[in-house]
Every structure is written in C-alpha cells, then in structure tokens.
Amino acid sequence: MNVAPSSDQTAPDAAAAPDAPRYDFRAAEPRWQAAWDARECFRVEDEPTDGKPKYYVLEMFPYPSGKIHMGHVRNYTLGDVVARYKRARGCAVMHPMGWDAFGLPAENAARERGVHPAKWTWENIATMRAELQRMGLSLDWRREFATCDPAYYGHQQKLFLDFLRTGLVERQESWVNWDPVDGTVLANEQVIDGRGWRSGALVEKKKLSQWFLRITKFAPDLLAALDGLDRWPERVRLMQANWIGRSEGARLRFGLTAPEAGMDDVEVYTTRPDTLFGMSFLAIAPEHPLAAAVAARDPAAEAFVAECRRLGTSEAVIETTEKRGHDTGLRVAHPFIEGASFPVWIANFVLMEYGTGAIFGCPAHDQRDLDFARKYGLPVPPVVLPAGQPLESFTLGDKAFDGVGMMINSGFLDGLEAPVAAKAAAIAELERRGVGEGVVNWRLRDWGVSRQRYWGCPIPVIHCDACGVVAVPDDQLPVRLPEDVTFDVPGNPLDHHPSWKHVACPSCGAAARRETDTFDTFVDSSWYFARFCSPLAEQPVVRGAVDHWMPVDQYIGGIEHAILHLLYSRFFTRAMKVTGHIGVEEPFAGLFTQGMVTHESYRDAANRWLYPDEIEKRADGSVVLRESGEPVQVGRVEAMSKSKRNTVDPGAIIARFGADTARWFILSDNPPERDMEWTEAGVVGAYRFTQRLFRLIEALGGVTQGLVPDTFSDAARKLRRTTHRSIVAVTEALESFAFNVAVARVYELANAIADAERAPADEQAGLAWARFEALETAARLVSPMMPHLAEEMYATLHPATERLVAELAWPEPDMALVVAESVTIAVQVMGKLRGTIEVAPGAAEAAVLTAAEASVGRLLEGKRIVKRVYVPNRIVNFVIAG
RNA sequence: GCGGACGUGGCGAAACUGGUAAACGCAUCGGGCUUAAAACCCGACGCCUUUCAAUGGCUUGCGGGUUCGACCCCCGCCGUCCGCACCA
C-alpha cells in the first residue's frame, strides 16, 4: 500500500528533483494514446488491398453492466498482446470492440430503480468505453457497435427471416419456469430453491409455444468438424462433443397390458438394449403424455406430477434432487420374455427432453436406476457378469456395474460380451420382431430463442388469425422496440404496450398482432464477429468483407462460454452459409479460454463482507479495518463477485498505477488459461518494474546509438547474447500464449542490463552500445504488453525519431549471437545426478563420455559399466553393475 | 447426478519431444545508501540431517507401475474448481 505512487511524484518540486527521474504514466499514457489515434495505427479497411496477411483478433465483447471488471482487463489485455504482436509481425490486424447490450440486468435495473433499460445501457456503454480507452488497447474504434442499436438488430431480424424461409426455424412447444405471482418466465438463475427470486412464489413448469432454431439439423456436422478445430483447447472440443452427445442405441415400444387414454404402448430410447433382460420397471417423465393421462384420473399421480413441476427446468437441479417416483399401476409387457410384465412409474429424474421421455429401468447396470430401485424395493436382476469374475461371488451392493462383461440370465443373449456384441444382437432381435430398431440419438436439442422480455431484439413476425404466422416484410425492418414502456406491472412490457403489437397483417391487411417475444441474447452474440467486418453496411454482412476477414484467427474469452455461445456461433455461421451470407462454416479458427480473476475475501466480526478498500494489512501480518482498526477475518481466495465484495475496480487501479502496470501484472503472474489471484503486492511489484525499466534507460545518460563498435568486452558480448536470446525466448513465449514466461524473460533481460551497468572499467569496450541495443530491444519486446512505456522508452532512446513502436516491425534475433559458447551436461550414475561437465556444443560423443566418466570416477571404481546413455548436449547416464 | 479441468518451495510459477526440478517474480532475512524512513542498490532463500560443510539424503497431492532416467506416460485413490440449455 505504502509504496503506491505517492502524490509527491507529480508534485512540481519532486519532478524537479534531479535524483528522482520517474516515468510519469499520468502524462505519458494519454499522450501516446493520442499519438496512436492521430496516426490511425489500428485502422483497417473492410476490404483491404494492401496485400498484407490478414489477422482477426477478437475478444468476447462485454455486456455493459456498469463498469469494467478485472475479467475484462484480463481478457482485453490478452487480446491486445496478440493484436500488437501480430501487427509487428507484418499482419493487417483487425481488432474491433462492441457491446453485447441486450439482457436481463437492464430490465432488472428498470424494475428496481425505475431507469429505462436503454438509458441505463447507453450510459454504461459510455462509462465502459472510456475505461477501455484508458487501457490503451489497439482497437479500431470505428467498428464499434451495440447490439441494442436497431442498426444492428434490424440486420439480425433479416437473418432470422432468411433462416425462416430456409427451413431453419420452427415453432415448438417447450417448458419454462413460470412465476405465478410475477406472471413472468424465470431464468434458471432466478429460481432459488424452487422459488422465484423476487416474488418468493413456488415456481412451476409451464408449456409455451416458442421459436426454435434448428441446430439439431447440424448436429452431425457440428460434431465431426470439431476434429478440424486444431487451435481450440482440447477440453472445449470434448465438452462440445459431450454436449452434442451422439449415442447409438435402440428405440423400442413396450406394449401396455391395458390401454390408457387411447395409448397402447410406451416408446423408450436406450443405449443399453443388451440389458433388457435385467429390466425391473419402466419410468416416464412427469411431462410425458401418459403421465398426464394417469394424473387426470388419479389424484395421487396428479399431486406427484405437480410436485415435479415445481422442480423447474434446470437439469442440474433435476439430476441432483433425490430420486422419487409414483407407481401408476399400469404395466408393460417385456418384448423378449413371454408373459412377463413390469410396472410403469412416473419418475422425477427422467427427462422429457432426452430420447423419448421414457426409460426402462435396469438397476443392476445403471446407477440412477439402482438408486431408484433400492428406494422403492424393486428387484435388481443382474444380467452382465464382470469380466473375470466367477458367477458365485458376484453380488450387487450400492454400485451398479456398467463395465465390460458376459451376458447371463438373458436368454438368447447369454454368453455374449456386453455391451458391444450383446447390444448388436439385441437390436437385431428387436428389429426382427418389429418392436424396435437401432437408432442414433443426439443429446443436443433445438435452440429455443423466444424470450418473454422487453430488452431484446424483437422477433420480426406477425400473427394473423387468417394467415397464421407472417414474416415482417424486409422493407419494414427493423422492427423497433417501442421506447414508451412501463415496468410497474409484472410480465412482458411489450405485451402490455397499448399500441405496439397491434398491426395490420402484411399479407391480408386484417387486424393482426406482432410477436411480443424477443430473441435470446445468445442470438445477438452468434454473428457479431461477422458484422464487425463491415459494421456500417446496409445489409447484415458484405461478402467481400466477411470473405476477407473471416474466420476469426484468434478468439479469446472465458471458459464459461465453452459450450453454449461457441456452439451457437458455430451453428449460426453454418446457417448463414446456407442462406448465402458467408462462405465459411467455422467462425473461430483459434480459441483461447482464459481463467478467472480471483481475490481474497474479507469479513468483519459480524460476518459481513468487506471491500478490499476497507481493510488494511499491517506490517506485523495482521489484517484490520482501516477506519476502526478492528480485526478482519481473511477468507478464501475466490472468483471476484459483487456479493462477496472481493472486487477490485480496474478504473481505480489504472488511475493509481497506470494502464501498463495493470496490464503487466495481469500477464505476469500465471499462465492465462489458469485462474489468477489479484493482489496488491503484485500490482505494486509491476509498478516498480515500470519505473525500473525507465531508470535503466536514464542510467545510459543520453547515449545515442553510434556505429557498431569494432570490439566488445566479455561483459558486452554476454549482454548481447542475453539480448538476442531474449528476442528468441519472448517471441516463442508470445507465440504459445505463455505471457507469464515472456514477462520472466524480460525480467532476465533487465537484470542483465543492470549487471552490465556495474561492469568494471576494463570491460567497457562496446558496452554502452550493447546496453543501448539491449534497452531498445527491451522496449520493443515489452511493447505488446506495456505499449505506453515502450513508446516512452523508445522516444527517450531516439529523441529525434518520428516513429512509433506501434509501427515498428518485431525485432529479429542475430542467431550467431544466440548460440551457446558451451553447454553443461548432467552426468548421472544409475539415473541420479552425480556431477556436471562443460563441453563445446556438439562435442564428439567419445570425448564427452570420457570427460563424464572422469568426472564421476570415484563412483565407478570397482564397478562394471553395463550401459552408457548419451543424449547430446543434455545428459550422460552410466548404468553399472557389481 | 452427468460432463470437463486442475494439484510443483511460505506464495504465484518455470521446466523443449521422457533427460540437471524450482528459471522469473512476490514475501522474508542480511548488508549498502540515509540524520531517519521510504524508494533504490547488493546478497541469501525447497525440505531434512549436521558444530560447520557437501561431492549427503529427501522432494512435483497420495499409492502403485513402465523406463537407464518420470512433474511429464499407464492404473487406482484424495482434494479443489467450472458447465448443465432463460445469466452473460
């Protein structure tokens, strides 16, 4: 705390003090930002003709929630390093920024504080834009847009209508969380312990007719194409593959022993038809039509179904709730076992959305079924004997067996291997009997995009009693949100609006109603990357521009988007290809997912959360309240969140330490894919380094770079080797996203420069020149990370220059200087390190072995060398006997 | 519950393709500069045994395995975190 830049640093007397030369970020950062602006360093054209290779860097655009947070600082710093580095490498870099501006928080603000969502959003955008600009990001701000602007969402409506005409849109029914008191649909996050967050009312599932984008049409391709995304993290591809969830199994029909409400069988999907002989019951989802039929005549069943409805639609909640069921009294016949029948249960863990909404329960070989069977005392007949286990000793406890084994108690399947061989045999038999067939099933569901909300893009259709659903004609786009809405009544303001929804049918002219639902905000973010290529165009995208810039070469954002946003964007790009808007199928060629920013959390004696600003860390290690000196409990390090008050405001950090310091620290501490802990000590350390680098320049005493000297002292040669090795090392680190390593290499270079400052008098030959070279190199190597300081360093070294580091090419290493003069080889005996030897690089094997043997002679005395392992330039290992 | 990841000194971490574990930074300690403090500069710093010392022993969450050699590959545990379709 106490080493923060103090006010005296900018005070006139301190600035005049000859012994306190300081890099003044407060003056320098705005000055260099203005210089970049004036020279339009970061501008690129929609359809450039300069022949440079294109490189599109994009970070996930922010939701304008109020102020930027540290996650944004991390995200945009990472992207900016890439953008600046690639620019230096000769690419034409497109690096745009915009606003994911529709969403629930704006509506919450309207309801809680009476501020209009548009006003709230645009004010937030203005604040956050200014904050981002203070970070010194190399953005082409001319491309900025917000998704809540009709100039953006009107084009989105056009895309939707194109999808509609192409058969990529469908109306389907689906279940939503319904708050009966607020009369509104709730997001899963708004359902807390089964109750609406605002009203506290018990939430119910309700069926609504909604718009769906047919992402399932592309399921096979979305899965197969994952293989080609070789610059995506493996774990993201895995998560997507699991989400798409291709499975091979069987669909089969179980005949009811007595028909119910006109239904005489139940269709089931299973991935394990081989375990059919281990059936114990059949279970249907509470939303299944058969469940509704039973509930209509059985009050107990109705009560159970109603209770399940209160669970809401969250899969996580459904699957973690205790498994419960209700026996309907109905029975189904077994497809293979003559005369056998099984009870039909309604079960709260069966999902209507997956498969057919009905399963057959085989408790011995499925954990959920086993939990259910144990609870209700249903039989658990085993049909797969684990490989290598004797039949007599095989019993089932609380763990279902789902591994490889041999079929038993299974009629014609006995002796076959489960699951693969037995599965094929079971499907063949189902098909022969005509009661079922082998199918491929997908977990992926169509994408419901209807939201009963105001602050979103209106869905551009009109409902006419005569004509049905009619598309809004293109020339009437955009369908604009009305501004005069009120939030004092529950429900969707668009629906309450006195006039907005009442329109004439475009087809027959009769009185009709606008669709009052708006789009899921994921729609907005599913094509913004394409819009950035021609943000002012009259049509959604311009082929010349998207064909040039797409795909995004490097996309950067949080791991929390690993599935939905990325999958929707991949789908949308494919859909836009079908409708002719774009030529590529994959939007993001390269993906990097960053970790979260975390911080310690603090509470006072009464267990109330405290902001980091409210506490003070004393030298003795105690932590107290700044105001009162009362003790503070230091809690876990966890993700920054408003509720735990463990947030640090980037605006305040930048004001105190400067943008470069914030950028440097956020890059320096961990690998960017990992969570990082924001600490006061870390920022202060980064700040000190900015000053140190600048001091090293001033220590040169205004030397300018003359001709290359004829001779270099050992010290000068050593520094030059470090300089050129640093270029190689930093370049490699930046290329591989190891920014923390790049930072470490810069520290090493700075240490080497400081060492050179202290070289003795007889080592001065060429040393000043070498120091100049090292410092200029340092300025250029840090420029992607600390761009303002880099400019200031460069301008100080070259007082007459007009050039900006932002316009310079990346430094090239002199490889002749990089090669080592000698290498250290580890000498091991039996794999244990026993010594080291110095040899010339590439020395002959025999000579190295002789030297190695001599170096560990004692340990080899009286022993027989069985084997000599020799790895050039690395190790020698002697394996001995006796 | 299902799916995905992560685990190395006091702390954040580094370690190429299986080849000297701990680069670099933070914290701490010692010294210099200073009337003094801060800042700054120099040095030490994985753990253990030992009076000292190292050319000693141990060490990458835990337990096994493969290998001349394992943070890295394989098997089994433990712990922590993220996602689960209407938050963005």
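The sequence lines fix the lettering, A, B, ..., with proteins before strands; numbering per chain opens at 1. Owing to the predicted nature of the structure, the values given are computational and were not obtained by experimental measurement.
- For the OP1/OP2 pair of B:A85 and a distance below 4.0 Å, the side-chain nitrogens and oxygens of A:Asn188 include at least one atom meeting the criterion.
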Protein proximity profile, nucleotides 9-16 of chain B - base contact B, sugar-phosphate-only contact S, no contact -, cut-off 4.0 Å on heavy atoms: ---SSS-B
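- Not one side-chain nitrogen or oxygen of A:Arg235 sits closer than 4.0 Å to the OP1 or OP2 atom of B:G3.
- The side chain of A:Arg834 places an N or O atom within less than 4.0 Å of a non-bridging phosphate oxygen (OP1 or OP2) of B:G56.
- Remark: A:Asn242 is in phosphate contact with B:G4, judged by side-chain N or O atoms under 4.0 Å from OP1 or OP2.
- At B:G25, one or more side-chain N or O atoms of A:Asn751 fall inside 4.0 Å of OP1 or OP2 (strictly under the cut-off).
- A donor-acceptor contact under 3.5 Å is not formed by the side chain of A:Arg688 with the base of B:C40.
- When heavy atoms are screened at a 4.0 angstrom cut-off, A:Asp371 is found touching no nucleic acid atom at all.
- Side chains of A:Asp446 and A:Gln172: a donor on one and an acceptor on the other come within 3.5 Å.
- Within 4.0 Å of A:Trp243, counting heavy atoms only, lies at least one base atom of the nucleic acid.
- Nearest-nucleotide positions on RNA chain B place A:Ile563 closer to the 5' end than the other of A:Ile563 and A:Tyr568.
- Residue A:Tyr747 places its side chain closer to B:C24 than to any other of B:C24, B:G3, B:G19.
- Separation of the A:Tyr687 and A:Phe689 ring centroids does not fall under the 6.0 Å cut-off.
- For A:Gln240 and B:G3, the CD to P distance is 17 Å, given to the nearest whole Å.
- Not one side-chain nitrogen or oxygen of A:Lys832 sits closer than 4.0 Å to the OP1 or OP2 atom of B:A21.
- With P as the reference atom, B:C29 and B:A39 are 13 Å apart, rounded to whole Å.
- Between A:Arg868 and B:C68 there is no side-chain N or O to OP1 or OP2 distance below 4.0 Å.
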Base-contact (B) and sugar-phosphate-only (S) positions in nucleotides 71-80 of chain B, heavy-atom cut-off under 4.0 Å, - elsewhere: ----------
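- In this model, the phosphate group of B:C86 is approached by a side-chain N or O of A:Arg451 to a distance below 4.0 Å at OP1 or OP2.
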